[in-house]
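This is a predicted model, so every value here is computed, not measured. Here is the naming used below: chain letters follow the sequence lines, and residue numbers restart at 1 for every chain.
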Protein chains: 2
Amino acid sequence: MVTVKDVASLAGVSTATVSRVLNGYPNVSDETAARVTRAVAQLGYRPNRVARSLRVQTSQAIGVIIPDIQNNFFVSIVRGIEDVAIAHNHILLLCNTDDHPAREENYVDLLLGEGIAGLIICASDEKQSSVPVRRVIEQAVPVVALDRALSDLEVDTVLTDNVAASREATEYLIARGHQRIGVIAGPDYLTPGRERRQGYEQALAAHGIPLDPALIRVTDFRPSQAREEARALLDLPKPPTGLLVCSGLMTVEVLRELKVRHLDPMRDLALVAFDDTVLSRCLCPDFPLIMQSTYELGHTAAELLFERMRDTEKPARTVRFETGLMERSELA
Amino acid sequence: MVTVKDVASLAGVSTATVSRVLNGYPNVSDETAARVTRAVAQLGYRPNRVARSLRVQTSQAIGVIIPDIQNNFFVSIVRGIEDVAIAHNHILLLCNTDDHPAREENYVDLLLGEGIAGLIICASDEKQSSVPVRRVIEQAVPVVALDRALSDLEVDTVLTDNVAASREATEYLIARGHQRIGVIAGPDYLTPGRERRQGYEQALAAHGIPLDPALIRVTDFRPSQAREEARALLDLPKPPTGLLVCSGLMTVEVLRELKVRHLDPMRDLALVAFDDTVLSRCLCPDFPLIMQSTYELGHTAAELLFERMRDTEKPARTVRFETGLMERSELA
DNA sequence: TTGTAAGCGTTATCAT
DNA sequence: ATGATAACGCTTACAA
């Protein structure tokens, strides 16, 4: 293995000078800099990032924690993060939690041990996740909460404007004459779960439609549960005429249940749903979908993170991304 | 930050003893071991993996290089790798190359700098990728080639049995009376590209069907190119009556082209294709697909890697995974 | 502008 | 069974 020492010898300078050249310090004469650069090339020197990390007490890796690597929503986010990271010569430590707080906590500790320069986390539980993340903050490692906020923590946060999205979707249904509108929402302990239900409720309230608890179904975002709630709603004595489904994976199950019952997602039950997934678009090409800017969510989160690394002081920011309602697909 | 030193002080022992306890060395008295364990818990000590990595000259991270993080095929592989890695207390450095050898080479150097314990790579080019990977091997870092072999390199390799899969698929068409069978294959510089074309050719030869160069279309696996080749095949004076498409993403484009021309992928042109992707299943639910064991590919690659870390000596192995032909879907 | 040397937190060698 | 100490490769005061 080639080290700074070898480069220093060949260039006839000290290791300190080599380091200065490598890290672009200004106070090096052009002539020595050139000699060092030549030696680096000649030896094929590659810096040992581990040694550097130990010395400066932070690595050039950023931790990324997501609940589901198989879910395209999060993968697209990761793609956005990666582009920013690589531009800063940083690398991604990717952690998949399956929404298990325990697995998440384990990963946080591993990442801390790796001396990550920063953490981007799509938390599995606003409150529970705060516990390990607080340890990260105590180590002065910058954190960005992504898609899901963290309770009682002063961190930069990147979210979708869930309330507005949900309100808009609900009003879309109201404008088409629906009064009995159901919602399959996510859990209260996750930002998108809670806020999307709020948006739904706000829309009804704004139009003087009373809330009917039987129409509000709270799940933990798991598809199987969505299926059950869809059944329950459809089996109601007076089933809803409109339905808002609050995540892409859940939407697929709802569409399946409708198919089994030979119900059309537009005529028999006016459906509006979050997220553009291939499968839901396939099952029904033309119902309105709430589009999130997934790549941009990741990209922005990463940019906030790198800004934060430069300046620890400024107050934490929250960025909200607007959504769009897309009525038709162009699948085929 | 809590260090071994702090633990040592509290337990009234030396750092050496703490390290011994932490790493499960046998020659420590039960009594001192207990004291150390208590001190660790009391202080909430977490080992600094960076310092450890520098000292032992290898980290507990494994590098994973894939061409396309948005492609479910590779994501499923990563999932398989992750489960094995976490079971060994290792973490994943995930690198997405977009099939650019330059980007890949850059990542390899970064990973080397991180002192990875091993590398699993789905190469962007059998020959070109060998160049940076050879540097990895020279550093005595174990490598597993996954889905795509590496030229002139003695490394453990995990592949799909592409030739058999392709032969089987082609024979499926022959058995149904087709004589003019087209193939949209991948590039020769990638194992699945080359081998799948070979399987196709073997099947034709075995049945005395002469090769028609006009029916053999070699792409670089990009969907847009697949679309063009599909058009060219369909526009032939005597178009094929059967078609083998050698990747999931390409299949989607072929199906789209068929749709535009109002051709049925089963009646008008007997289609067989690699990979079960949601979208292709949506566009046509019932044509035969060649199924690969993606999760198992990743899982096995990771297991080979960890075995290799334990034993550098034994000869490199190549594992081939069989495929299955699935004729119907259960999407809805 | 450049060099010397300390030290980051571990592990492992060599004593005891 | 345990302790003292060197070393891993780098960066950064501090000195010159």
Side-chain angles (χ1 to χ4, degrees), chain A residues 1-37 39-40 43-61 89 109-110 112-117 139-141, chain B residues 1-37 39-40 43-61 89 109-110 112-117 139-141:
Chain A
M1 156 172 263
V2 182
T3 73
V4 274
K5 235 171 169 171
D6 302 317
V7 176
S9 304
L10 182 59
V13 298
S14 73
T15 61
T17 300
V18 174
S19 179
R20 282 191 270 258
V21 173
L22 258 33
N23 294 293
Y25 281 66
N27 48 346
V28 179
S29 82
D30 290 356
E31 203 259 329
T32 41
R35 277 221 311 288
V36 169
T37 313
V40 165
L43 296 171
Y45 169 78
R46 299 271 140 200
N48 181 324
R49 292 164 64 101
V50 175
R52 179 185 189 284
S53 297
L54 180 60
R55 175 60 229 237
V56 306
Q57 291 291 355
T58 168
S59 81
Q60 298 192 91
N89 198 30
D109 285 334
L110 288 182
L112 269 183
E114 292 288 347
I116 47 168
Q139 305 272 348
V141 174
Chain B
M1 157 172 263
V2 182
T3 74
V4 274
K5 237 173 171 170
D6 303 315
V7 176
S9 304
L10 182 58
V13 298
S14 73
T15 62
T17 299
V18 174
S19 180
R20 281 192 272 259
V21 173
L22 258 33
N23 295 291
Y25 281 67
N27 47 348
V28 179
S29 81
D30 290 356
E31 203 259 330
T32 40
R35 276 221 313 287
V36 169
T37 313
V40 165
L43 296 171
Y45 168 78
R46 297 273 140 199
N48 182 323
R49 291 163 66 100
V50 175
R52 179 185 188 284
S53 298
L54 180 61
R55 176 60 230 235
V56 305
Q57 292 288 69
T58 169
S59 80
Q60 299 192 90
N89 198 30
D109 284 334
L110 288 183
L112 270 182
E114 293 287 347
I116 47 168
Q139 304 273 346
V141 173

Looking for any heavy atom pair under 4.0 Å, which part of the strands does B:Gly12 touch: base, sugar-phosphate only, or nothing?
sugar-phosphate
Phosphate OP1/OP2 of D:dT2 contacted by B:Ser14 side-chain N/O (<4.0 Å):
no
Minimal non-hydrogen separation, A:Ala51 against B:Leu54, with atom names
CB-CD1, 3.8 Å
Do any of residues 24-34 of chain A sit with a heavy atom less than 4.0 Å from DNA chain C, and if so which?
A:Asn27, A:Val28, A:Ser29, A:Thr32
Mind listing the side-chain donor-acceptor pairs of residues 6-13 of chain B below 3.5 Å, one per line with the distance, residues two or more places apart or on another chain?
{"residue": "B:Asp6", "atom": "OD2", "partner": "B:Thr3", "partner atom": "N", "Å": "2.8"}
{"residue": "B:Ser9", "atom": "OG", "partner": "B:Lys5", "partner atom": "O", "Å": "3.0"}

Identify each atom pair where a protein N or O and an N or O of nucleotides 14-16 of chain D are less than 3.5 Å apart, giving names and distance.
none

Side chain to side chain donor-acceptor pair (under 3.5 Å) partners of A:Thr17, counting only residues at least two apart
A:Ser14
Provide the full list of salt bridge (Lys or Arg N to Asp or Glu O under 4.0 Å) pairs with a residue in residues 12-37 of chain A, sequence neighbours left out, each pair given once.
A:Glu31-A:Arg35
Just to verify, what does B:Thr37 make a side chain to side chain contact (heavy atoms under 4.5 Å, CB included) with, not counting sequence neighbours?
B:Val21
Taking the side chain as every heavy atom from C-beta outward, state whether A:Val36 and A:Val40 have any pair of such atoms under 4.5 Å apart.
yes
In chain order, what residues pass the side chain to side chain contact (heavy atoms under 4.5 Å, CB included) check against A:Gln57, with sequence neighbours excluded?
none
Listed once per pair and sorted, the side-chain hydrogen bond (donor to acceptor under 3.5 Å, both in side chains) pairs that draw on residues 44-53 of chain B, sequence neighbours left out:
A:Glu114-B:Arg49
Taking five pairs at each end, how big is the angle between the two axes of the helix from C:dT1-D:dA16 to C:dT16-D:dA1, to 10°?
40°
What is the separation between atom CG on A:Leu112 and atom P on C:dT10, rounded to the nearest whole Å?
13 Å
Side chain to side chain donor-acceptor pair (under 3.5 Å) with B:Ser19: which residues, sequence neighbours excluded?
B:Asn23
Are any protein N/O atoms closer than 3.5 Å to N/O atoms in nucleotides 7-10 of chain D? If there are, list each pair with its distance.
{"residue": "D:dA7", "atom": "N3", "partner": "B:Arg55", "partner atom": "NH1", "Å": "3.4"}
{"residue": "D:dC8", "atom": "O3'", "partner": "B:Gln57", "partner atom": "NE2", "Å": "3.2"}
{"residue": "D:dC8", "atom": "O2", "partner": "B:Arg55", "partner atom": "N", "Å": "3.3"}
{"residue": "D:dG9", "atom": "OP1", "partner": "B:Gln57", "partner atom": "NE2", "Å": "3.1"}
{"residue": "D:dG9", "atom": "N2", "partner": "A:Ala51", "partner atom": "O", "Å": "3.3"}
{"residue": "D:dC10", "atom": "OP1", "partner": "A:Tyr45", "partner atom": "OH", "Å": "2.5"}
{"residue": "D:dC10", "atom": "OP1", "partner": "A:Asn48", "partner atom": "N", "Å": "3.2"}
{"residue": "D:dC10", "atom": "OP2", "partner": "A:Val4", "partner atom": "N", "Å": "2.6"}

Excluding sequence neighbours, so at least two apart, what forms side chain to side chain donor-acceptor pair (under 3.5 Å) with A:Thr32?
A:Ser29
Side-chain contact test, heavy atoms from C-beta onward, threshold under 4.5 Å: evaluate it for A:Asn89 versus B:Leu110 and give yes or no.
yes
